[in-house]
K.L.:
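Pasting a structure here, questions to come.
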Number of protein chains: 2
Amino acid sequence: MVRAGLTVDRLTMAGAELADEVGVENVTVAALARQFGVKDASLYFHLKNAHDLRVRIALLALAELADRVAAALAGRAGKDALVAFANAYRDYAREHPGRYAAMQIDLDPQTAAASAGVRHAEMTRAILRGYRLAEPDQTDAVRMMHSTFHGFVSLERTGGFRHTPRATDDSWSRTLDALDAVLTNWPSR
Amino acid sequence: MVRAGLTVDRLTMAGAELADEVGVENVTVAALARQFGVKDASLYFHLKNAHDLRVRIALLALAELADRVAAALAGRAGKDALVAFANAYRDYAREHPGRYAAMQIDLDPQTAAASAGVRHAEMTRAILRGYRLAEPDQTDAVRMMHSTFHGFVSLERTGGFRHTPRATDDSWSRTLDALDAVLTNWPSR
DNA sequence: CCGTTTGCCTAAGATGGCTAGGCTACTACC
DNA sequence: GGTAGTAGCCTAGCCATCTTAGGCAAACGG
């Protein structure tokens, strides 16, 4: 009897692939076990439970996305950086819808603090160096940017823009123009 | 043997309440049946299946939210209307997290077209009358607004802003200021 | 008051999450 | 190279949920 060679990492990877194919909600311990040709119960040697699996997928996705964004950001500043960040974010979400959805699950505070989510925050803040915003405006701007990106990508994915013919790519680039404009000229109190 | 008096509406209502209490993912046919003191199977006389239940909750939430927004919008224009819309939206999401989450499930195109989601789109567009934007800028602006609202609310709910001490209420109102600014001065190509 | 419809029931299969406990392949160490 | 010991997977079995099929009783219309 040959062993399947399960590891937490392989399971997480396979789970991430599965998520992109069939959606996070269908990433089940049973389905994963089937893929590896083992019994469900065997996975519990590596995973605490089903939720643990999804959290791991989320953390993987956060790290992958952070890497992409970091690469996109290298050597850029100002609007150039803003657009590169935004496109990296959106592209990742479209290539990996399941992983992106997995990223949305609630992480408990400590897990979140140890995740690549903090890198996202740092990088977002780095973009703002090109726009010379002082606190607390900087924090507000970071939150607005993040909201816009996440909101757009998430609405696009769930078909929220379907009812209007206008190409979403165009709306996206105009939204980035608008974001650049408002960051350049952040309204003072 | 007294009948429980189940109806689709009562089930949907109860499901919505349940969603706010324990989250949509825990709105199960079984749990709902328990609440009404009937057997699981009985619900299938009124509901097609579990997904049908969640869709109905989503449609209920969309309609409720549209009503609220309509009320908030009455007699307002310009930034006043923008802020009223945004606050109605955010308040609803915070009072009814489960229903808000339910709203995010994919509706098939026909269902979506027959939902109160179209009222949302109309009302969002109505706000822009105060900002004198022609197409296609109007569509782009509608999408950006919607993205910002949804993104902010959704990140706030999943704790995406937790890592920075700044009060989210403040960031919210500054984000609305910024949105107003960019709508007032929409960047031309 | 009697048939028809409506509303809820029991029964039962499928799938998934998870635990307890057993057996076997590897690994390390003498 | 034998032999602990541990790591990896298995069987068995429980409970919850979803769903279908078919039965029976309450409500209601004529």
Side-chain angles (χ1 to χ4, degrees), chain A residues 1-60 98-99 101-102 104-108 111, chain B residues 1-60 98-99 101-102 104-108 111:
Chain A
M1 178 168 297
V2 181
R3 293 198 181 169
L6 304 182
T7 58
V8 189
D9 287 348
R10 287 190 64 195
L11 288 171
T12 306
M13 285 292 193
E17 309 266 336
L18 200 59
D20 288 335
E21 288 163 21
V22 301
V24 229
E25 65 282 1
N26 295 318
V27 174
T28 134
V29 175
L32 211 51
R34 270 193 297 273
Q35 281 210 353
F36 282 93
V38 299
K39 298 294 172 181
D40 317 17
S42 306
L43 299 199
Y44 289 88
F45 193 84
H46 305 275
L47 302 170
K48 217 165 121 288
N49 51 36
H51 181 249
D52 179 37
L53 170 62
R54 287 178 197 119
V55 168
R56 286 177 191 279
I57 294 173
L59 294 177
L60 171 68
R99 299 178 204 211
Q104 311 307 322
I105 66 174
D106 280 0
L107 299 178
D108 65 295
T111 309
Chain B
M1 182 168 295
V2 182
R3 292 196 180 171
L6 304 182
T7 58
V8 189
D9 287 349
R10 288 190 63 196
L11 288 171
T12 307
M13 285 291 193
E17 309 266 335
L18 200 58
D20 288 335
E21 288 163 20
V22 301
V24 230
E25 65 281 1
N26 295 317
V27 174
T28 135
V29 174
L32 210 51
R34 270 194 296 273
Q35 281 209 352
F36 283 92
V38 300
K39 299 292 171 181
D40 316 15
S42 305
L43 299 199
Y44 289 86
F45 193 83
H46 305 274
L47 303 170
K48 218 165 120 287
N49 51 37
H51 182 249
D52 179 37
L53 169 62
R54 284 176 199 124
V55 168
R56 285 178 191 280
I57 295 174
L59 295 177
L60 171 68
R99 301 179 202 211
Q104 311 307 323
I105 65 174
D106 280 0
L107 299 178
D108 65 295
T111 310

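Reminder, nothing fancy here: chain letters follow the sequence lines and each chain counts from 1.
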K.L.:
To the nearest angstrom, how far is B/Lys39 atom NZ from D/dC24 atom P?
P.N.:
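Atom-to-atom, B/Lys39 to D/dC24, this comes out as 18 Å.
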K.L.:
How is A/Ala41 classified with respect to the nucleic acid when contacts are heavy atoms under 4.0 Å: base, sugar-phosphate, or nothing?
P.N.:
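The residue A/Ala41 makes base contact.
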K.L.:
For residues 19-33 of chain B, pull every pair meeting side chain to side chain donor-acceptor pair (under 3.5 Å), keeping only residues two or more places apart or in separate chains.
P.N.:
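Residue pairs passing side chain to side chain donor-acceptor pair (under 3.5 Å), neighbours aside: B/Asp20-B/His96, B/Asp20-B/Arg99.
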K.L.:
Would you say B/Leu59 and B/Leu107 make side-chain contact, with heavy atoms under 4.5 Å?
P.N.:
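Heavy-atom side-chain distance check passes, below 4.5 Å.
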K.L.:
What integer distance in Å separates B/Asp52:CG from D/dC18:P?
P.N.:
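One finds 13 Å between P of D/dC18 and CG of B/Asp52, rounded.
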K.L.:
Take the protein atom CG of B/Leu6 and the nucleotide atom C1' of C/dC9, then report the distance between them rounded to whole Å.
P.N.:
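In whole Å, C/dC9 C1' and B/Leu6 CG are 12 Å from each other.
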K.L.:
I want to check something: taking the side chain as every heavy atom from C-beta on, are B/Leu11 and B/Val8 in contact at a cut-off of under 4.5 Å?
P.N.:
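Result no, sub-4.5 Å side-chain heavy-atom pair not found.
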K.L.:
Closest approach to the side chain of A/Ser42, judged atom by atom: which nucleotide of D/dC9, D/dT19, C/dC9 is it?
P.N.:
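For A/Ser42, the side-chain atoms sit closest to D/dC9.
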K.L.:
Let me know the distance between CG of B/Leu47 and P of C/dC8, rounded to the nearest Å.
P.N.:
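Checked: the CG to P distance equals 12 Å.
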K.L.:
Could you name each residue pair satisfying side chain to side chain donor-acceptor pair (under 3.5 Å) that touches residues 31-48 of chain A, not counting sequence neighbours?
P.N.:
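Those involving residues 31-48 of chain A do not exist here.
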K.L.:
How long is the span from the CG atom in A/Asp52 to the CZ atom in A/Arg56, to the nearest 0.5 Å?
P.N.:
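Rounded to the nearest 0.5 Å, the CG-CZ separation comes to 4.5 Å.
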K.L.:
Please state how far atom CG in A/Asn49 lies from atom P in C/dG16, giving the value in whole angstrom units.
P.N.:
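Computing the A/Asn49:CG to C/dG16:P distance gives 17 Å.
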K.L.:
Show the distances under 3.5 angstrom between N or O atoms of the protein and N or O atoms of nucleotides 15-17 of chain D.
P.N.:
from, atom 1, to, atom 2, distance (Å)
D/dT17, OP1, B/Arg34, NH2, 3.2
D/dT17, OP2, B/Arg34, NH1, 3.2
D/dT17, O3', B/Thr28, OG1, 3.4

K.L.:
Using atom CG of B/Leu11 as one end and atom P of C/dG7 as the other, report the distance to the nearest whole Å.
P.N.:
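Rounded to whole Å, this separation is 11 Å.
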K.L.:
Quick one: B/His46 NE2 to C/dT6 C1', roughly how many Å, whole number?
P.N.:
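Answer to the nearest Å: 9 Å.
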K.L.:
Once you round it to whole Å, what is the distance between P of C/dG16 and CD of A/Glu25?
P.N.:
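After rounding, the reported distance stands at 13 Å.
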K.L.:
To the side chain of B/Phe45, which of C/dT6, D/dT19, D/dA12 is closest?
P.N.:
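So the nucleotide nearest the side chain must be C/dT6.
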